[in-house]
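Along the sequence shown, the residues carry numbers beginning at 1. Everything numeric in this text was worked out from a predicted model, so none of it was measured.
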Amino acid sequence: MGNIGEVTEVINNEKLTLDVGSNTYILMQDLQINIDRPIDRQVTSGGNAVYFYGTGDNFIQFTLLCSTPEIASLNTLTERNGDGKLTSTSWKIVGTDVSGLTKTITAVGTLPHLEIARLSGVGGVVIRGRIQLTGDTISVA
């Protein structure tokens, strides 16, 4: 898992984009990185507790400002393959600060949730989604 401070540096930037491949970057309106592990608490015969931690159940939630071609590139990632699995993808979130310097969060995961909504009044489109991280590592560079 990436250093929490490094991840914060990216999220706190002026501009965030999600790279969906083929040099297509979609502007992010918001971003949340959720780091979680299932916990099993067992009481011992001495009355003390022992904790067992499972593999990471980590995910990234986001809201994107999109156009039709960008929506199409995301939609294909929600389709299951012949084995019933979603396509695992290397996701890149690029943060650009006010001086133009960039930092990138990279993680591997699937896209099990997309919600497409029209912005009332202005006619824009937003997508809210969740990337379920299948690896246990988030890198920041």
Side-chain angles (χ1 to χ4, degrees), residues 1-122 124-141:
M1 188 58 58
N3 179 317
I4 300 297
E6 291 174 341
V7 171
T8 302
E9 286 180 31
V10 177
I11 293 174
N12 198 28
N13 276 313
E14 182 76 13
K15 175 182 167 188
L16 288 175
T17 56
L18 178 66
D19 178 359
V20 294
S22 303
N23 289 324
T24 303
Y25 294 89
I26 304 175
L27 188 60
M28 300 183 96
Q29 204 171 32
D30 65 27
L31 172 67
Q32 298 172 348
I33 298 177
N34 299 279
I35 301 169
D36 190 25
R37 291 192 181 279
I39 301 170
D40 185 22
R41 181 179 182 265
Q42 298 292 322
V43 179
T44 66
S45 58
N48 296 325
V50 176
Y51 294 89
F52 299 93
Y53 301 94
T55 302
D57 184 17
N58 309 315
F59 59 95
I60 297 171
Q61 289 180 285
F62 56 82
T63 302
L64 306 173
L65 297 172
C66 290
S67 64
T68 302
E70 295 164 336
I71 293 169
S73 66
L74 285 172
N75 192 39
T76 59
L77 295 173
T78 63
E79 297 172 0
R80 296 185 308 165
N81 65 19
D83 296 329
K85 297 178 181 178
L86 293 175
T87 302
S88 187
T89 304
S90 179
W91 296 92
K92 294 179 183 173
I93 299 167
V94 180
T96 307
D97 67 18
V98 291
S99 65
L101 296 173
T102 62
K103 284 204 173 197
T104 303
I105 295 174
T106 305
V108 175
T110 59
L111 188 64
H113 175 80
L114 279 182
E115 175 186 330
I116 302 170
R118 180 179 183 274
L119 293 171
S120 62
V122 295
V125 176
V126 294
I127 292 182
R128 291 177 203 80
R130 183 181 74 242
I131 299 168
Q132 184 67 45
L133 301 183
T134 54
D136 211 12
T137 302
I138 296 175
S139 65
V140 180

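The shortest heavy-atom contact between Q61 and R130 is CG-CG, 4.2 Å. Smallest separation of non-hydrogen atoms from S90 and T106: OG-CG2, 3.5 Å. The two residues T55 and R37 have their closest heavy-atom pair at C-NH1, 3.5 Å. For the pair S88 and T110, the tightest heavy-atom approach, listed with the atom from each and the gap, is CA-CG2, 4.0 Å. Here the shortest heavy-atom pairing between L27 and L16 reads CD1-O, 3.5 Å.
In R80, the CZ atom is not crowded: 12 or fewer heavy atoms of neighbouring residues, nucleotides or ligands sit closer than 6.0 Å.
The list of salt bridge (charged side-chain N to carboxylate O under 4.0 Å, His left out) pairs with a residue in residues 44-57, not counting sequence neighbours, is empty.
Remark: D19 pairs with Y25, K92 by the side chain to side chain contact (heavy atoms under 4.5 Å, CB included) rule, at least two apart or across chains.
Taken to the nearest 0.5 Å, the OG1 atom of T134 stands 10.0 Å off from the CG atom of L86. Note that CE of M28 is 10.5 Å distant from CG of L65, once rounded to the nearest 0.5 Å.
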Practice task
Might you work through the side-chain hydrogen bond (donor to acceptor under 3.5 Å, both in side chains) test for Q42 and D40, ending with a clear yes or no?
Solution key: CA-CA 6 Å; Q42 298 292 322; D40 185 22; 2.9 Å; yes
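When atom types are taken as modelled, the side chain of N34 and the backbone of N58 share no donor-acceptor pair closer than 3.5 angstrom. D83 places no side-chain N or O within 3.5 Å of a backbone atom of K85 that could act as its donor or acceptor partner.
At a threshold of 4.5 Å between non-hydrogen side-chain atoms, the residues F62 and I131 count as touching.
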